[in-house]
Amino acid sequence: LDVELDLLLTLISATIVALGSILAYVIYRKPYLSESLARRIEVSRGLHGIYNFLYDRWYLNAIYYAVFVHGGKKLSNGLFSNWETKVMDRFYNSLIVKAFTGAVNGVSRYLEKAVIDRFYNIVVVKTFTGVVYGASKFLEKAVIDRGYNIVVAKIVLAVSHLFRKSQTGKINQYLLVLLSGFLFLLLLLLLGVI
Amino acid sequence: VILDSLGIALVGIGLVTPTLDYLLKKRISRYASIVATFLALVLSLSLFASAFGGKSWFLYNEAVKVDAVGAFLSVVTSLSVLLVSIASFKRTQKWATAPSYFSLLLLIATGAFYIVSVNDTILLLAGWALVSLGAYAFIGVKKDEQSLQGATKYALMGIVASTFMLFGIAILIGLTGTTDIAIIQQLITASNPQMVTLAVIMFITAFGFKLGIVPFHGWLPDVYGNVDPLLVSFIASVTKILGMAAIFRILVPLSPALGQNWFVLFAFLSIITMTFGNIAALTQRNIQKMMAYSAIAHVGYMLVGFAAVTTSNGATIGMQGIILHLTAYALATVGIFVALSYLIEKGVGTNLNSIRELWRRMPILSVSMIILDLSLLGTPPFLGFWSKFIYLFTSPLEIAPWLTLIAIINTGISVGYYGQILRYMFLARKSGDGEVVITETVNPQLITVVVCATLTVVLGLVIGPFFSHIIPSV
């Protein structure tokens, strides 16, 4: 990086700094103005004016306060009293709230109707009841009706009829069954089961 | 003295009354029968009182063993005979054979009294002959076609079955050289177990015929289902008591010689008997036939108690269950068959359709019948509940809980037909029925049914819960 030093510009700057330093030394070396100078300033209107002007730093504070601080305060008060209360409050408290509640109502109503009602109450419930109904119907038909009521009942009834048919009323058959029963027990004994 | 008096009262009056009836030309046998059976009940109760508390002693040269079990079964037998005598009081009035009827009633009861306390195989044979011959004649005593047909079947099968008993006795004498059961019990453990098992099979064939154990049951549905229900009420109750007592007196002492085979044999017979009885009863539309198959099922339940004899705890509970269930069954059977006899007499009939809304026409009979029906089913607090569920079904729990389960499933099946009686009697509407007229009249049969139902309720509440204290050790 090349840095060139402008001699003239440097010289001017240095001179200003030196002059400022000397002037500051002259002015601030003595804490107060000499009495004669103070009296002269007080007597002379022009000087008094310049002095006050300078002393009050060009009235910058006064102007700043008058314009920005108080003005800003007035502006903010005005804005608050008018804009905030009359416009914003109404807008925010009524319009936005209404819009928001309206939107919420709308959305929730939509959710309730379209999503909850239609989806949950109708679709989910219908699906669930449908599944349960289908399953129970299947169970009832296939397992209970066909399985239990029909198959088991039919088997039991068939066995019951078979047992009843074994009661032929013929004594020789009864005796045959009696002897068969005895021989069966005898067979169990011979086979070593009992 | 008590047993002598019992024998003389029943046999004496039983043998003399038909002759007196004939000579005096008056029907005094029915009065004599009621007096004799009442006397028998009092004597049995006093016998039970003297045997109460586990006392036992032998009589007649050790042919009879008097103990609480035998005495209690004598009480139940006397009560059953007394109730049947009361029920028969008017019903048999027009029967030409009424004197023989009451005579046979007393003679069979005498045989039963000796069998429930038997300790000798010769006395068993004598008692068995007395009961069997009396029972064959008793079934045919009405002399109508059904009675005679039933009596013929019963007698022919009975002769074959009794032959097996003779073979069984012969084997026992051959093995031990004695007829005394107490001595046989001591000597049998040293004998060949297969021969003992063979003897047990022979006895089971004979006792199984009398009780209706499947497959020796052939005669039972035909006789119980077709013969006059009044005759059946006696045969069904008394033969069950003596058949079960015979197994208890003769076979249970042999059980240690059989070991585990005893359980296998009785569990097998119990399962096929109760299942056959319950399933066959399901499709019956006639209550009398339904009760015939129900009788088979109840024998199956009681065999559960015998199957449990292999453990000492199971033996005690099982035997208590059998004795209590015999009481419940005797009361219910006498009550229901007498009620059916009453229904026939009143022209109602014994079909399910004929008892539609019976409670409107015969409220006392209907309620009594339902109590007995529910007792057979095992509904609390009736007597049948205690005997079935508290004693019988719990007895094999230690060795075979599955047998308890099978018995409970069978009870579930039995709801199918016991429930039908309840349904038709109380719920089913009678079509074309106009004005309801109560047709019930005070009658010895109705009194018998009411007494049976009342005893079923009262004994269910009084002795059911405490039966293990009444007969503590078996």
Side-chain angles (χ1 to χ4, degrees), chain A residues 125-194, chain B residues 149-150 152-157 159-161 163-164 167 193-198 200-202 204-206 208-209 213-222 225-226 258-269 272 275-284 289 292-293 296 413 416-417:
Chain A
V125 170
K126 270 195 176 174
T127 309
F128 185 73
T129 49
V131 168
V132 170
Y133 181 73
S136 63
K137 207 166 188 183
F138 171 76
L139 272 171
E140 199 177 313
K141 272 199 169 182
V143 182
I144 310 286
D145 280 6
R146 270 183 221 156
Y148 191 79
N149 290 349
I150 298 175
V151 178
V152 176
K154 270 190 177 175
I155 289 170
V156 172
L157 288 178
V159 173
S160 182
H161 284 297
L162 190 76
F163 284 172
R164 279 179 61 190
K165 273 186 182 170
S166 70
Q167 290 304 128
T168 52
K170 290 174 184 162
I171 184 74
N172 47 356
Q173 285 183 4
Y174 295 162
L175 280 171
L176 189 69
V177 174
L178 185 142
L179 290 172
S180 307
F182 169 73
L183 289 173
F184 178 72
L185 293 178
L186 201 65
L187 192 71
L188 291 180
L189 177 68
L190 292 172
L191 292 172
V193 179
I194 55 170
Chain B
Q149 204 181 70
T152 312
K153 282 177 193 170
Y154 192 22
L156 279 172
M157 281 193 80
I159 291 162
V160 176
T163 315
F164 281 97
F167 282 130
Q194 278 197 316
M195 284 308 287
V196 183
T197 311
L198 181 64
V200 169
I201 292 172
M202 296 280 186
I204 285 176
T205 308
F209 150 78
I213 296 174
V214 176
F216 317 113
H217 66 285
W219 66 278
L220 195 146
D222 285 7
N226 297 320
L258 268 75
Q260 196 56 29
N261 289 345
W262 173 275
F263 171 77
V264 175
L265 192 63
F266 276 89
F268 169 71
L269 291 171
I272 56 168
T275 310
F276 175 87
N278 281 321
I279 292 181
L282 270 180
T283 46
Q284 293 296 336
K289 286 185 177 166
Y293 287 106
I296 295 175
I413 296 170
Y417 58 90

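Residue numbers start from 1 in every chain, and the chains themselves are labelled A, B, ... in the order their sequence lines are given, proteins ahead of strands.
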Compare every heavy atom of [Y] with every heavy atom of [X], then report the nearest pair and how far apart it is.
{"X": "B/Lys153", "Y": "A/Ile171", "value": "O-CD1, 3.4 Å"}
{"X": "B/Ala280", "Y": "A/Ser160", "value": "O-OG, 3.6 Å"}
{"X": "B/Thr275", "Y": "A/Phe163", "value": "O-CE1, 4.2 Å"}

Reported [atom1]-to-[atom2] distance for the pair [X] and [Y], which is rounded to 0.5 angstrom:
{"X": "A/Tyr174", "Y": "B/Met157", "atom1": "OH", "atom2": "CE", "answer": "8.5 Å"}
{"X": "B/Phe268", "Y": "A/Phe184", "atom1": "CZ", "atom2": "CZ", "answer": "4.0 Å"}
{"X": "B/Phe209", "Y": "A/Leu175", "atom1": "CZ", "atom2": "CG", "answer": "9.5 Å"}

(request) Under 4.5 Å heavy-atom distance to chain A, tell me which part of B/Gln149 shows up: side chain, backbone, both or neither. (result)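 No part of it gets close to chain A.
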(request) Name the region of B/Tyr293, side chain, backbone, both or neither, that has any atom closer than 4.5 Å to a heavy atom of chain A. (result)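 Just the side chain, heavy atoms under 4.5 Å.
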(request) Side chain from CB out, backbone as N, CA, C, O: work out which of these in A/Ser180 comes under 4.5 Å of a heavy atom of chain B, or both, or neither. (result)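 For A/Ser180, there is no contact with chain B at all, as no heavy atom is under 4.5 Å.
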(message) Counting only non-hydrogen atoms closer than 4.5 Å, does A/Leu162 touch chain B with its backbone (N, CA, C, O), its side chain (CB onward), both, or neither?
(response)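 Neither part.
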(message) Does B/Phe164 form a side-chain contact (heavy atoms from CB on, under 4.5 Å) with A/Leu178? I'd like the steps, not just the answer.
(response) CA-CA 11 Å; B/Phe164 281 97; A/Leu178 185 142; 4.0 Å; yes
(request) Not counting sequence neighbours, list each pair that qualifies as a side-chain hydrogen bond (donor to acceptor under 3.5 Å, both in side chains) and has a residue in residues 184-194 of chain A. (result)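 The answer is none; no pair qualifies.
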(message) Does anything in residues 213-220 of chain B reach chain A? List residues with heavy atoms under 4.5 Å apart, or say none.
(response)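 So the qualifying residues are B/Pro215, B/Phe216, B/His217, B/Gly218, B/Trp219.
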(message) What I'd like to find out is whether the side chain of B/Leu282 reaches to under 4.5 Å of the side chain of A/Val156, using heavy atoms alone.
(response)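 The answer is yes, as the side chains (C-beta and beyond) meet within the 4.5 Å cut-off.
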